[in-house]
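Take a look at the structure set out below.
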Number of protein chains: 2
Amino acid sequence: MKNISKEDYLSAIYKLRDEAGEIKPNIIAENLEISPAAVTDMLKKLSTDGFVQYKKYKGIKLTAKGERYAVHMIRKHRLWETFLFEVLKMPWEKIHSEAEKLEHSSSDELVDKLEEYLNYPKFDPHGYPIPDKNGSLPKHKPVIALSELRKNDKGTIARISDFKSELLVYAAKQGLSLGQKFTVKDKLDFDGSVIIKINTNEVSLSKKIASNIFIVMEE
Amino acid sequence: MKNISKEDYLSAIYKLRDEAGEIKPNIIAENLEISPAAVTDMLKKLSTDGFVQYKKYKGIKLTAKGERYAVHMIRKHRLWETFLFEVLKMPWEKIHSEAEKLEHSSSDELVDKLEEYLNYPKFDPHGYPIPDKNGSLPKHKPVIALSELRKNDKGTIARISDFKSELLVYAAKQGLSLGQKFTVKDKLDFDGSVIIKINTNEVSLSKKIASNIFIVMEE
DNA sequence: ATATATTTTTAAGTGAACTTAAATATTAAA
DNA sequence: TTTAATATTTAAGTTCACTTAAAAATATAT
Ligand SMILES: [Mn+2]
Ligand SMILES: [Mn+2]
Ligand SMILES: [Mn+2]
Ligand SMILES: [Mn+2]
């Protein structure tokens, strides 16, 4: 294939399915920051190429081939992120957009060597699982959005959405980092914001922010 | 800028100037493996953007701005090559084409970190000098093509053209590697081929091959 | 159920980087 | 110096990934 644009569509569709369930052209358009018309256009191409199943006005679904390709791209992305963060020590909030470009410019051979060099990491710096060469994801405990928790629930931060660097900067400033334990002190009915306690600090997070932070519940 | 194609034109023009002296559209076309018409097209754009000085049917020259940009791209290219070879241990003959893509997909910040991680290398794995952040090239002894030497001349291999992986594979197989010392045993008037002695081995190289191997003469 | 709003698709058009074929300049040879 | 060969440019057309505006389908609200 080797086509930046198509590759990003496939990753986006794959990721949106996990998050949003049913995938509609509009969501893809928003996600990729392009017009809905462009999405329709591309869906037709991806469909003729056998990467998605697409009937107009009906749903969008990756084919087995499309899914394989998407996972493959996600693998590249996350391995690059890990390299940039762990090895080059680039800032947490910059690695995503950098990897967004590198993923399209590196051969499988290169990425496999990178994986080896990084010693087969299982999660990227934002907590997302890294698919292996065969496309299998590492086993991990189920994560849920922090916004789903209720008062007095305890958990550990496992993942933070990486698509907006502003969120990452903000999260870091609030002391939210992967592996951090916390307790939900309160949740406001009014606007859905949550107050959590991290160590001795209390931090208040808007509903939108809380829904972009994923955690593992304490049993 | 951020435009793969334009970036490759600029590097090509810069490198061709060193090798070929006067730069003509045809040479660029050959080098980039595109039609001469495409070159004319692009030269107009690069000219309006102030990267080259170009009057039709007259010569082509990089402006100061164009030269800065070209050196900048070459820096990225050579640092990536060094990383791929030294750190990831990718094969010598594959790193060039890989770097050819990566150079367009990495920010300055990333490349600066890469340089730091590599501990400020001065030459890439094929022996080309790596420009520093300011665009200055490291000091180095003058290199000349092996094809220019005469019988009994002695030298050290300092650089091997990287644009054709076949040449690199062949060179390696013949025992030609950077830093290798040799003596010219003979040079045939007939076809310009040279016979050199490396350690105890005698190797015969065609004129074309010899002209792609650069050496430092022994004083 | 009908009207209204929203989503999706179609239509038409753009800019970038190419192509091939034809026209025009330049350079080299007779 | 006229002719022939070669190099370069122009012209016209293609593909890709977009755009905006309008049309059509679907979803929602009264
Ligand atoms: Mn990411
Ligand atoms: Mn991308
Ligand atoms: Mn190279
Ligand atoms: Mn390149």
Counting N and O atoms only, with roles assigned by atom type, does the side chain of A/E98 sit under 3.5 Å from a partner on the main chain of B/S107, one being a donor and the other an acceptor?
yes
Which residue pairs satisfy the salt bridge (Lys or Arg N to Asp or Glu O under 4.0 Å) criterion with at least one member in residues 60-71 of chain A, sequence neighbours excluded?
A/R17-A/E67
Does OP1 or OP2 of C/dT19 have a side-chain N or O of B/S35 closer than 4.0 Å?
yes
Tell me whether B/R75 contacts the main-chain N or O of B/P131 through its side chain, where contact means a donor paired with an acceptor under 3.5 Å.
yes
Rounded off to whole Å, could you give me the CG-to-C1' distance for the A/L43 and C/dT9 pair?
11 Å
Please list, by residue number, the residues of residues 54-62 of chain A whose heavy atoms come closer than 4.0 Å to an atom of DNA chain C; answer none if no residue qualifies.
A/Y54, A/K56, A/Y57
Based on the rotation axes of five pairs at each end, what angle does the helix from C/dA1-D/dT30 to C/dA30-D/dT1 bend through, to 10°?
0°
Under 3.5 Å, sequence neighbours excluded: what are the donor-acceptor pairs made by side chains of residues 20-35 of chain A?
from  : atom 1 : to    : atom 2 : distance (Å)
A/S35 : OG     : A/A38 : N      : 3.2

Partners meeting side-chain contact (heavy atoms from CB on, under 4.5 Å) with B/D153 (sequence neighbours left out):
B/L149, B/R150, B/V184, B/M217
Specify whether B/W80 and A/W80 have parallel, tilted or perpendicular ring planes, treating 30° as the upper limit for parallel and 60° as the lower limit for perpendicular.
perpendicular
Close aromatic pair by centroid cut-off 6.0 Å: A/Y9 and A/Y14
no
Tell me every residue that passes side chain to side chain donor-acceptor pair (under 3.5 Å) with B/D191, counting only those two or more places apart in sequence or in another chain.
B/S193
Run the ring-ring contact (aromatic ring centres under 6.0 Å, His included) test against B/F123 and tell me which residues pass, sequence neighbours left out.
B/H140
Using atom CG of B/D49 as one end and atom C1' of C/dG15 as the other, report the distance to the nearest whole Å.
13 Å
Short of 4.0 Å, heavy atom to strand atom, which residues of residues 22-33 of chain B count as contacting DNA chain D?
B/K24, B/P25, B/N26
Side chain to side chain donor-acceptor pair (under 3.5 Å): pairs with one or both residues in residues 124-137 of chain B, sequence neighbours excluded
B/E81-B/H126, B/D112-B/K133
Write down the distance between CE (A/M42) and P (D/dC18), rounded to a whole number of angstrom.
5 Å
Which nucleotide in D/dC16, C/dT10, D/dC18 has an atom nearest any side-chain atom of A/K45:
D/dC16
Set of residues satisfying salt bridge (charged side-chain N to carboxylate O under 4.0 Å, His left out) with respect to B/K45, sequence neighbours excluded
none
Set out, line by line, the N/O atom pairs under 3.5 Å between protein and nucleotides 11-15 of chain D.
none

How is A/S5 classified with respect to the nucleic acid when contacts are heavy atoms under 4.0 Å: base, sugar-phosphate, or nothing?
sugar-phosphate
Quick one: list whatever passes side-chain contact (heavy atoms from CB on, under 4.5 Å) with B/F85, sequence neighbours left out.
B/W92, B/I95, B/P125
For the pair made of NZ in A/K6 and C1' in D/dC16, what is the distance, rounded to whole Å?
9 Å
Of the candidates D/dT19, C/dT10, D/dT10, the side chain of A/K44 sits closest to C/dT10
Ignoring hydrogens and geometry beyond distance, is a side-chain donor-acceptor pair present between A/S105 and B/S105 at under 3.5 Å?
yes
